[in-house]
Structures are given as structure tokens and as C-alpha cells.
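Just so you know, residue 1 is the first one in the sequence shown, and it goes up from there.
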Amino acid sequence: MHQHAQKLLITGAGGWLGKRLTRLIALRGTRPELAAKLPRSLSVRVLILPHEDASELQALGVEITRGDLRNAADCKRFCEASENAVLLHTAGVIHPRRVREFYEVNTQGTKTVVGAAVEAKLRRAVVVSSNSPLGMNPATDHRFDESAPYHPYMNYGRSKMQMELLVREIQLAGRIETVVLRAPWFYGPGQPPRQTLFFSMIRVGKVPVVGSGDNLRSMVYIDNLCEGLLLATFVEQANGQTYWIADKRPYSMNEIIDVVEGLLEREFNVRVAHKRVRLPNLVSTGATFADHLLQGLGIYNQKIHVLSEMNKTIACTIKKAETDLGYDPQISLEEGMRRSIADCFARGMQI
């Protein structure tokens, strides 16, 4: 264990994952055995976009830098006076308006901020990737592991693949330690409106199920993912490695919807329609075609993109993270969704 990372630099702290990670670190809100690994005198510096609301972060007492990954001067300012620190790079674009933003932020932005970290003599960069560079599993019983070949799904997948390759190049140059974490679909408190909309669609019976609904999805509860990030920060042998970080097992689309329905009804007294919009596989095929067409024109449409993936299996194994990092995800689907729904209601959001 490294005990000398007295400083952590977190990008994307205005976003869902970055904010949650900052909160867990600042409040020592993670599992006791992980919290014990955090140095007592730990300082945290975060990077948020110029327009993002910083009130929650200010309340946590962390140092706030405003800037943009696409700006080299901002990245330099963010990393300065941080020798031996660890960079936790959670920032990224998932649903932009224009395709080019994937490459500007996910690929070039990573290159710029990790480059600044190298110059400032940081010790390690932990970089959040995705399942998208690997695409879809060839069969329902297939699981991606860390040796699976790249097969990126559209431009988001390509931008994250290029990011991973770039991080590997930096690693091989030997100027900074790097760890890449691949996170699938995550869920939990603090979720953005798109995830709350998913709950609403389930409640009113408008949630689309494409094909049988038996296709599997690896998901990761947000605190499980944050714990994976912390382990990648402190475990010596993570250097130079890539890890899948997810819940213990994948879930079928039917199971995900059933769990949310059951919780809304039993524990939150919300009436549920118990209906699904059953769609043939052809609908996802059509959406995939439309998505390719639009992205070819430089346009990104979130609804069409999500529909194109609805009947696909995207599942991984976390054995390597369990073995190397001691990763042990405690929260699984039902408890994670329970906390997500409770958080929505606590924030006064309509489901």
C-alpha cells in the first residue's frame, strides 16, 4: 500500500461520479477498511467547469479549481504544486450534442490533463473508461475480461478506446503510473435526470423492452465504483493495469425493471402500471442504423443511441479486480436501486 499520496486531484467533480467520489473521500463515507487507508492529512483538489455549481463541493471543504480539460493552461493550473499526488480522472462526455465533443473531451482532454500531471510530477493517474471500447458481447453467456480485444461501439466507444491507448502509451514512456478502470452503466444517489426518466417510464408502463429482455447488462452501484477508484489509487500492483469495475454479477433487463417496479410499489407506495412496451429486435437494429447515420453527420441523439443498445448483452467479469485490488462490491441491484429511489424522493424529484 502506498501511504504517501497525501493529495488527490479529481477531475469532473461537478459531474455525478466525480461529485460522489469527492464526497465519499471528504466525509470518509466509504467502507471502514478503505477509509482507514486514506491518510489523515489528505488534501483534495477538484476541477469543475466554469459554469458548474460548486456549493456542495464548497461545503465539503475541498480546494476548487475552475477550468476545462480542453484548455492546457487550465490543466496546468489544476496540477501545479502537486508532486507525488494521485490524479483521479472521472471527467468525460457521454451524451454530447455533437460527435466531435467525444474526441475533444474524452481523448484530447485526457491527453492534456495527464500530460499536465506528468509535468507536475504526480505519481499516478487513475483514468475512468467504459464498456464501450469493447462493444457488445458476442453471446449472452460471454463475459468481457481485461484481455478482450477492442471492438468500439460508435464514436463514444472509439473516443474511450483512443483514450485507453493514449494512457498505455504514457505508461510505457514511464513518466507516471497509470491505472485504467472500465465502468459499465452505473446507478445510485445523485443520478442525472436521464436515469430518473427511466424510473418514471417503468412506473407508467412505458419502459421499452426490446426483444426478450433476457439480455444481460453489467451495472455498477456508484459507491462500488468509487471504492474501485480508491483501491486503484492505493494498491501498488495496480500500476499499468486495466480493470473492469462492476457489481458482482450482470442483470437481465427484465430483472432490472422488475426490481425497480417492486421497490416503487412495496417500499415507496407508488402505484406501478406493470406494463412494458414490447418491441421487436428490429427496432434496435433500426435505431443502430439511424444512430450510425446521424453520427456520420456529426450529430448525436441520446434517445436513439440508448434504444440501439437496449437488446444487447454488455457484461463483464470482475475477477481481476477482486484478485489484484481486493475489490469487493457490497451493494447489488436491489439495495442500490432502493438508495437511488430514496435519493430521488429526498431531492424532491418526481418519478
Side-chain angles (χ1 to χ4, degrees), residues 1-13 17-18 21-22 25 37-39 41-48 63 65 67-93 102-130 133 146-147 150 152 158-183 228-245 320-321 324-325:
M1 281 291 168
H2 275 295
Q3 283 306 344
H4 52 268
Q6 301 297 321
K7 188 174 195 177
L8 299 178
L9 272 58
I10 301 172
T11 66
L17 174 59
L21 177 66
T22 305
I25 291 168
K37 286 171 186 154
L38 294 171
S41 58
L42 185 67
S43 70
V44 178
R45 181 188 292 169
V46 301
L47 181 67
I48 63 172
E63 186 189 340
T65 306
D68 194 309
L69 289 176
R70 291 169 284 199
N71 182 314
D74 288 353
C75 290
K76 186 176 179 183
R77 200 163 35 87
F78 174 57
C79 291
E80 69 194 3
S82 301
E83 198 167 328
N84 263 332
V86 174
L87 170 69
L88 292 157
H89 178 41
T90 78
V93 169
F102 284 133
Y103 300 97
E104 289 170 0
V105 176
N106 298 344
T107 313
Q108 283 308 118
T110 300
K111 185 177 187 176
T112 307
V113 76
V114 177
V118 169
E119 291 306 310
K121 297 189 165 54
L122 271 74
R123 189 174 51 76
R124 177 174 284 191
V126 180
V127 177
V128 178
S129 187
S130 151
E146 288 73 9
S147 68
Y150 285 122
R158 214 164 293 135
S159 72
K160 287 287 198 177
M161 175 187 77
Q162 289 177 8
M163 180 195 81
E164 286 194 15
L165 292 170
L166 188 133
V167 169
R168 189 177 300 164
E169 223 171 275
I170 294 168
Q171 168 75 28
L172 291 172
R175 296 174 69 193
I176 190 169
E177 296 182 0
T178 66
V179 190
V180 171
L181 299 187
R182 291 184 183 145
L229 277 155
L230 283 177
L231 288 164
T233 301
F234 293 113
V235 174
E236 186 86 60
Q237 76 194 72
N239 177 28
Q241 299 298 316
T242 297
Y243 297 100
W244 283 99
I245 301 289
K320 183 179 170 188
D324 285 15
L325 302 177

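- Here the CD atom belonging to Q162 is positioned 5.5 Å from the OH atom belonging to Y103, to the nearest 0.5 angstrom.
- Formation of a donor-acceptor pair under 3.5 Å by the T107 side chain with backbone atoms of S159 is found in this model.
- The closest donor-acceptor contact from the side chain of R45 to the backbone of F78 lies under 3.5 Å.
- Within the cation-pi definition used here (under 6.0 Å to the ring centroid, within 45° of the axis), K37 does not qualify as a partner of F234.
- For the residue pair E146/T242, the side-chain donor-acceptor check at 3.5 Å is not satisfied.
- Interatomic distance, C75 SG to E119 CD, rounded to the nearest 0.5 Å: 12.5 Å.
- A donor-acceptor pair shorter than 3.5 Å can be found between the side chains of K7 and S82.
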Handout entry: side-chain contact (heavy atoms from CB on, under 4.5 Å) assessment of L69 paired with T110
Key = CA-CA 7 Å; L69 289 176; T110 300; 5.7 Å; no

Handout entry: Trace of the side-chain contact (heavy atoms from CB on, under 4.5 Å) decision for R182 with S130
Key = CA-CA 4 Å; R182 291 184 183 145; S130 151; over 6 Å; no

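- The closest donor-acceptor contact from the side chain of T11 to the backbone of T90 lies under 3.5 Å.
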Exercise for the section: List the steps and the verdict of side-chain contact (heavy atoms from CB on, under 4.5 Å) for T233 and L88. Expected result: CA-CA 8 Å; T233 301; L88 292 157; 3.2 Å; yes

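- Atom CG of D68 is separated from atom CG of L47 by 8.0 Å, given to the nearest 0.5 angstrom.
- Taking the charged nitrogens against the carboxylate oxygens, E177 and R123 do have a contact shorter than 4.0 Å, which makes a salt bridge.
- Looking at Q171 and N239, their side chains do bring a donor and an acceptor atom within 3.5 Å of each other.
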Handout entry: Worked check of side-chain contact (heavy atoms from CB on, under 4.5 Å) between L181 and V127
Key = CA-CA 6 Å; L181 299 187; V127 177; over 6 Å; no

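- The backbone N or O of E236 sits less than 3.5 Å from a side-chain atom of R124, completing a donor-acceptor pair.
- Distance alone, capped at 3.5 Å, is enough to place a donor-acceptor pair between the K160 side chain and the V128 backbone.
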